[in-house]
Asker: 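Please see the structure below; I have some questions.
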Amino acid sequence: GGFKPPTRGHFEVVKKALEDNPNIDKLQVVVGGGSRDGIEQAESLLVWEEYKKYLPMKVEIVPASKPPIKTVYNYAKDNPDQKVYWVLGAREGRDDDMKDISSRTKSLNKYNNVELKIIQTPDKGMSGTNAREALKRGDQGGFTKFLPYELEDSEKDNIFNILRSTEDLNEVVEDKILYAFDLDDTLITS
């Protein structure tokens with residue numbers, strides 16, 4: 001997925017996929033490129049690295065150079081003798097999530113070695129859109145509601161700073177003047 005940013009919902013999908021499918025040898029979280037509201041792939045990867053501390057060693061975080069859907073299909077095509085579970089998350093009671101999954105998996109029948117695993121989690125307002133809105137407002141307390149419960153406060157602070165620094169930098173870029181500051185607001189470059 002895009003994971004802009006990765007939320008507690010995404011984290012819960014990974015945990016539940018592993019619990020429901022103990023035969024999984026390796027679970028790859030494929031992080032899409034592109035940008036959404038200033039959150040880039042690099043920031044999403046950094047957030048997943050924080051989450052990974054609370055996931056089994058068999059979880060790998062993989063940056064996608066192509067769209068994640070194409071990455072899954074290419075992997076299946078290149079590994080025809082491997083059973084591939086394609087794990088997609090959906091929030092309970094959300095028809096829009098199920099429609100999205102349906103559109104993403106239109107070509108699934110072309111791959112005999114791919115099995116779709118839909119992992120449903122409670123909705124609880126969990127969405128990347130809501131998390132990005134909290135970031136835009138600079139609402140750290142509101143934003144941390146979207147992070148896994150397992151994280152320590154310092155890790156939540158780190159994630160907020162990773163993602164918020166992107167927002168701050170984008171606001172400066174929009175003013176047509178580029179200044180880079182470290183976390184102590186010390187000018188690094190202009």
Side-chain angles (χ1 to χ4, degrees), residues 1-37 39-124 126-129 131-132 146-151 155 158-159 162-163:
F3 306 114
K4 305 296 189 300
T7 66
R8 181 174 69 243
H10 298 127
F11 179 82
E12 292 298 326
V13 167
V14 171
K15 281 181 35 182
K16 190 164 176 17
L18 291 169
E19 289 168 10
D20 292 355
N21 303 282
N23 58 326
I24 290 177
D25 297 322
K26 174 173 61 174
L27 190 144
Q28 293 183 332
V29 176
V30 181
V31 180
S35 174
R36 188 172 286 171
D37 292 335
I39 299 174
E40 304 285 336
Q41 182 185 53
E43 286 82 24
S44 295
L45 292 168
L46 288 171
V47 173
W48 271 113
E49 287 302 320
E50 289 284 349
Y51 292 1
K52 195 171 175 218
K53 297 173 189 174
Y54 299 92
L55 295 168
M57 297 280 293
K58 63 172 98 179
V59 175
E60 295 178 2
I61 311 305
V62 179
S65 57
K66 297 179 170 118
I69 295 169
K70 189 169 181 81
T71 300
V72 171
Y73 286 140
N74 284 346
Y75 185 88
K77 183 175 76 174
D78 294 344
N79 298 280
D81 296 331
Q82 271 189 346
K83 181 69 168 180
V84 177
Y85 293 147
W86 185 2
V87 176
L88 291 171
R91 294 163 287 188
E92 292 172 351
R94 294 287 299 263
D95 290 337
D96 56 326
D97 284 357
M98 296 310 290
K99 287 178 186 173
D100 183 51
I101 288 172
S102 179
S103 71
R104 289 182 190 209
T105 59
K106 285 181 183 175
S107 299
L108 189 61
N109 60 354
K110 296 178 184 176
Y111 301 88
N112 295 330
N113 60 331
V114 179
E115 183 179 332
L116 181 62
K117 298 282 187 179
I118 298 173
I119 306 295
Q120 292 198 340
T121 57
D123 185 349
K124 298 183 181 179
M126 198 56 46
S127 78
T129 301
R132 287 189 304 276
F146 298 98
L147 300 178
Y149 299 120
E150 289 85 344
L151 298 178
E155 293 166 323
N158 186 39
I159 290 170
I162 288 167
L163 298 171

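Numbering of residues begins at 1 and proceeds along the displayed sequence. Only a predicted model underlies this, so the values are computations on that prediction, with no experimental measurement involved.
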Asker: Would Glu150 and Lys15 pass as an ion pair if we require N to O under 4.0 Å?
Answerer: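 Judged by the 4.0 Å cut-off on N to carboxylate O distance, Glu150 and Lys15 do form a salt bridge.
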Asker: For a quick test of reading the model, state the closest non-hydrogen atom pair linking Glu19 to Pro22 and the distance between them.
Answerer: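 For Glu19 and Pro22, the tightest heavy-atom pair comes out as O-CD, 3.7 Å.
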Asker: With a 3.5 Å distance limit and no angle check, can you tell me whether Tyr51 reaches the backbone of Pro6 through a side-chain donor-acceptor pair?
Answerer: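 At least one qualifying donor-acceptor pair exists.
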Asker: If every non-hydrogen atom of Pro5 is compared with every non-hydrogen atom of Ile39, which pair is closest and at what distance?
Answerer: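 Heavy atoms of Pro5 and Ile39 come nearest at CD-CD1, 3.7 Å.
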Asker: State, without any angle test, whether Gln28 and Glu60 hold a side-chain donor-acceptor pair at a distance under 3.5 Å.
Answerer: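 Yes.
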Asker: With rounding to the nearest 0.5 angstrom, report the CG to CD distance, Leu163 to Glu40.
Answerer: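 Here the rounded value is 11.5 Å.
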Asker: Quick check: are there more than 12 heavy atoms from other residues, nucleotides or ligands sitting under 6.0 Å from CG of Asn112?
Answerer: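 No - once you tally the heavy atoms of other residues, nucleotides and ligands closer than 6.0 Å, there are 12 at most.
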Asker: So, do Phe3 and Gln41 sit near enough that their side-chain heavy atoms are less than 4.5 Å apart?
Answerer: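 With C-beta onward as the side chain, the pair stays apart.
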Asker: If you measure from CG on Leu116 to OG1 on Thr105, what distance do you get to the nearest 0.5 Å?
Answerer: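 Reported value, rounded in 0.5 Å steps: 5.5 Å.
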Asker: Distance check, rounded to the nearest 0.5 Å: Arg91 atom CZ versus Asp123 atom CG?
Answerer: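 Here the interatomic distance stands at 5.5 Å.
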Asker: Which heavy atom in Ala64 sits nearest to a heavy atom in Val30, and how many Å separate them?
Answerer: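 So the minimum-distance heavy-atom pair works out to CB-CG1, 3.5 Å.
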Asker: For Val13 and Gly89, work out which heavy atoms get closest and say how close.
Answerer: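 What the structure gives for the nearest pair is CG2-CA, 3.8 Å.
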Asker: Within the distance-only criterion (no hydrogens, no angle test), does the side chain of Ser102 pair as donor or acceptor with the backbone N or O of Met98 below 3.5 angstrom?
Answerer: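 Answer holds: no.
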Asker: Scan side-chain atoms only and decide if Glu155 and Tyr54 contain a donor-acceptor pair under the 3.5 Å cut-off.
Answerer: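 On atom types as modelled, these side chains qualify, holding a pair under 3.5 Å.
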Asker: Please name the pair of heavy atoms, one in Ala17 and one in Ile24, separated by the smallest distance, quoted to 0.1 Å.
Answerer: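 Closest approach of Ala17 to Ile24: O-CD1, 3.9 Å.
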Asker: Kindly indicate, with the supporting measurements, whether the criterion side chain to side chain contact (heavy atoms under 4.5 Å, CB included) is fulfilled by Arg104 and Leu88.
Answerer: CA-CA 10 Å; Arg104 289 182 190 209; Leu88 291 171; 4.0 Å; yes
Asker: Between atom NZ of Lys4 and atom OG of Ser35, what is the distance when rounded to the nearest 0.5 Å?
Answerer: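 So the NZ of Lys4 and the OG of Ser35 are separated by 7.5 Å.
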Asker: Taking atom NZ of Lys124 and atom CZ of Phe146, what is their separation to the nearest 0.5 Å?
Answerer: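 Reported value, rounded in 0.5 Å steps: 13.0 Å.
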Asker: Please determine whether side chain to side chain contact (heavy atoms under 4.5 Å, CB included) holds for the pair Arg132 and Asp37, giving the CA-CA distance in whole Å, both sets of side-chain angles, and the decisive distance to 0.1 Å.
Answerer: CA-CA 7 Å; Arg132 287 189 304 276; Asp37 292 335; 3.0 Å; yes
Asker: Exactly one of Tyr75, Tyr111, Tyr73 should register a ring-ring contact (aromatic ring centres under 6.0 Å, His included) with Trp86. Which one does?
Answerer: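 Of the listed residues Tyr75, Tyr111, Tyr73, the ring-ring contact (aromatic ring centres under 6.0 Å, His included) partner of Trp86 is Tyr73.
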Asker: Would you indicate whether the side-chain heavy atoms of Lys83 and Asn113 approach each other to under 4.5 Å?
Answerer: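 No, too far: nothing below the 4.5 Å cut-off.
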Asker: Return yes if a side-chain donor-acceptor contact under 3.5 Å exists between Glu12 and Thr121, otherwise no.
Answerer: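 There is no such pair (donor and acceptor under 3.5 Å, judged by atom type) between the side chains of Glu12 and Thr121.
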Asker: Should the heavy atoms of other residues, nucleotides or ligands under 6.0 Å from NZ of Lys53 be counted, would the total exceed 12?
Answerer: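 Counting other residues, nucleotides and ligands, NZ of Lys53 exceeds 12 neighbours.
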Asker: For Leu55 and Val29: C-alpha separation, side-chain torsions, deciding distance, then whether side chain to side chain contact (heavy atoms under 4.5 Å, CB included) applies.
Answerer: CA-CA 12 Å; Leu55 295 168; Val29 176; 5.9 Å; no
Asker: Taking atom NZ of Lys77 as the centre, report whether more than 12 heavy atoms of other residues, nucleotides or ligands fall under 6.0 Å from it.
Answerer: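 No, not enclosed.
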Asker: With no hydrogens and no angle check, do the side chains of Asp20 and Tyr85 hold a donor and an acceptor under 3.5 Å apart?
Answerer: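 Distance-only check fails for Asp20 and Tyr85.
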Asker: Counting neighbours of NZ on Lys16 that are heavy atoms of other residues, nucleotides or ligands and sit closer than 6.0 Å, is the number greater than 12?
Answerer: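 No, the 6.0 Å shell around NZ holds no more than 12 heavy atoms from other groups.
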Asker: Between Lys99 and Asp95, does at least one N-O distance fall below 4.0 Å, as a salt bridge requires?
Answerer: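 Between Asp95 and Lys99 there is no salt bridge, as every charged N stays at least 4.0 Å from the carboxylate O atoms.
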Asker: Please report the C-alpha distance between Asn158 and Glu50 in whole Å, then the side-chain angles of each, then the deciding distance to 0.1 Å, and finally whether the side-chain hydrogen bond (donor to acceptor under 3.5 Å, both in side chains) criterion is met.
Answerer: CA-CA 9 Å; Asn158 186 39; Glu50 289 284 349; 2.6 Å; yes
Asker: To the closest 0.5 Å, what do you measure between OG1 (Thr7) and CD1 (Ile159)?
Answerer: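 The OG1 atom of Thr7 sits 11.0 Å away from the CD1 atom of Ile159.
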Asker: Does the pair Lys117/Glu115 count as a salt bridge with the N-to-O cut at 4.0 Å?
Answerer: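 Judged by the 4.0 Å cut-off on N to carboxylate O distance, Lys117 and Glu115 do form a salt bridge.
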Asker: Does the pair Val31 and Val62 meet the rule for a side chain to side chain contact (heavy atoms under 4.5 Å, CB included), with working shown?
Answerer: CA-CA 6 Å; Val31 180; Val62 179; over 6 Å; no
Asker: Is Lys58 paired with Asp25 through a side-chain N to carboxylate O contact shorter than 4.0 Å?
Answerer: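 The answer is no: the pair does not qualify as a salt bridge.
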